[in-house]
Student: 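The structure under discussion is supplied below as structure tokens; questions concerning it will follow.
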Amino acid sequence: MKHVDVLGAGIGPFNLSLAALLEEGTELNAVFFDENDHFEWHPGMLIDRTDLQISFIADLVTLANPRSEYTFLNYIHETDRMFLFYFFKEWNVPRKEYNAYCQWVAKKVNSLVFGKRVVDVRNEGTFYRCTIEDVKTKSQTEVTANHVVVGTGSIPMFPPTMEENREHQVIHSSEYTFHAEEIKRGERLTVVGSGQSAAEIFYDLLENQTYFGYTLTWLTRSPGFFQLEESKLGQEQFTPDYVDHFHRLSFDERQNVLGSLTSLRNGVEGKTLKSIYELLYHRTAEGEIPVSIQPSVEVNGLSDSDHSNHELQCKQWQEDRNFELDSDWTVLATGYEPQVPHFIERMEDDLVWEGKGLPKVERDYRLSFIDKREHQIFMLTNLEHSHGTSATNLALSVTRNIEIINSLTKNHPYKLKRSHPFQQF
């Protein structure tokens, strides 16, 4: 039976970064498993001309080791695109390019195993016994590990009344590019949501509207379509210093603070809103445009329609007014929720809990166990309650991995160097 120092469940950007840093800077023996047959980052949202909301400096490794083989700049160099990128003059790289970069790193790191998933983790006193299942053959093997890192990411979140309506051509935004060509052949299209994904999908459909001739509606329960907080001082709440401050707060106070940080997590980039408005304005020169944008509207269900594929049951909640909307395709950009493996839920009696479904997570991302064990489980998902709005932010994934590695090693290979922000939290 194979034994490793570190076993990773899931290979998204967070665990891919950890795998690269472990392989390049430590002697730890690690293996990471993912059920997909290759690395793919949000493939359903790789829309043309969309980009990351963070700088390329916050790639998989640079903030830990800018000399690393796995930096984004080295990827650009090895793919002979350095001058193209230089003249591109942008800090935020295209999403498709970020996905290609991650795939490039994934092919170089030796500790990654695709096509297999971690289906069980059992505590054996001083180590964990992990059951690994082959996705195709369903055959199972076991691997033992001193420590486990859970990076299983998130899953699409549907409104309760809409989850079972795929046959009515209702999809989540995470599937958009898989259906985009078919969607654009519909006559009545609806986008639901007010975040960046909703705006990007709406803009893509808006750009293609004159060619295909559909009507287009954008709905959100929020009272408006608001800009994401992008100010430099505001962004300092994505620094390790703010995470230190947030983690020191009581659980109740952390829950209260999260509500005040909504503008940092939810909203649309200013340039996207600007592009949408400008395109709408230019279209007005051609006459009335078949577009409807409605805030303060919640979608509570759907039914069959005589005029389209389905009829959305809507409510303008400020006016307490109900109405129906015919739609051939509806795209729900309604966010994601953490995907917590069942083996974590099964450890319920061993964990320290802060709230319902919210285990206590230490500053270095260890789950807090009642027995104070030496063999640890680190969480890279379901962290908002413990580490704040930065929990799912790619920009902090490298510093998070430095802290995890420093917890696993006596001789710290990566120094957590901090350029302290201008604010004192």
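The structure presented is a predicted model; accordingly, all values stated were derived computationally and were not measured.
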Student: Can we say Glu133 and Lys116 salt-bridge, meaning some charged N sits less than 4.0 Å from an Asp/Glu carboxylate O?
Tutor: no
Student: Pairing donors with acceptors under 3.5 angstrom, does anything connect the side chains of His38 and Glu40?
Tutor: yes
Student: Side chains of Ser173 and Ser197: donor-acceptor distance under 3.5 Å anywhere?
Tutor: no
Student: Check whether the side chains of Thr131 and Arg122 place a donor and an acceptor atom closer than 3.5 Å, and report yes or no.
Tutor: yes
Student: Check the pair Glu207, Arg49 against side chain to side chain contact (heavy atoms under 4.5 Å, CB included), reporting the backbone distance first and the verdict last.
Tutor: CA-CA 12 Å; Glu207 283 191 304; Arg49 292 182 291 109; 2.7 Å; yes
Student: Less than 3.5 Å apart, any donor N or O on the side chain of Asp328 or Asn309 sitting next to an acceptor on the other?
Tutor: no
Student: Does either side chain, that of Ser275 or that of Thr272, offer a donor lying less than 3.5 Å from an acceptor on the other one?
Tutor: no
Student: Under a 3.5 Å cutoff, is there a donor and acceptor pairing between the side chains of Glu384 and Thr389?
Tutor: no
Student: What ring pair (Phe, Tyr, Trp, His ring centres under 6.0 Å) pairs are there with at least one residue in residues 108-140, not counting sequence neighbours?
Tutor: Tyr128-His375
Student: Give a yes or no on whether a salt bridge exists between Asp120 and Arg346, defined as a side-chain N under 4.0 angstrom from a carboxylate O.
Tutor: yes
Student: State, yes or no, whether a side-chain contact exists between Trp353 and Ile370 at a heavy-atom distance under 4.5 Å.
Tutor: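 Side chain of Trp353 against side chain of Ile370, heavy atoms only: no contact under 4.5 Å found.
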Student: Give a yes/no verdict on a cation-pi contact between Arg400 and Tyr365, requiring under 6.0 Å between NZ or CZ and the six-membered ring centre and an angle within 45° of the axis.
Tutor: yes
Student: Apply the test ring pair (Phe, Tyr, Trp, His ring centres under 6.0 Å) to residues Phe225 and Trp218: give CA-CA distance (whole Å), side-chain angles for both, the deciding distance (0.1 Å), then the verdict.
Tutor: CA-CA 10 Å; Phe225 297 87; Trp218 189 9; 4.2 Å; yes
Student: Tell me, with the steps shown, if His387 and His247 meet side chain to side chain contact (heavy atoms under 4.5 Å, CB included).
Tutor: CA-CA 6 Å; His387 289 73; His247 193 267; 3.8 Å; yes
Student: Are Thr152 and Gln339 close enough that a side-chain donor and a side-chain acceptor fall under 3.5 Å?
Tutor: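 Side chains of Thr152 and Gln339: no pair found under 3.5 Å.
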Student: Are Arg373 and Asp371 close enough for a salt bridge, meaning some N to O gap below 4.0 Å?
Tutor: yes
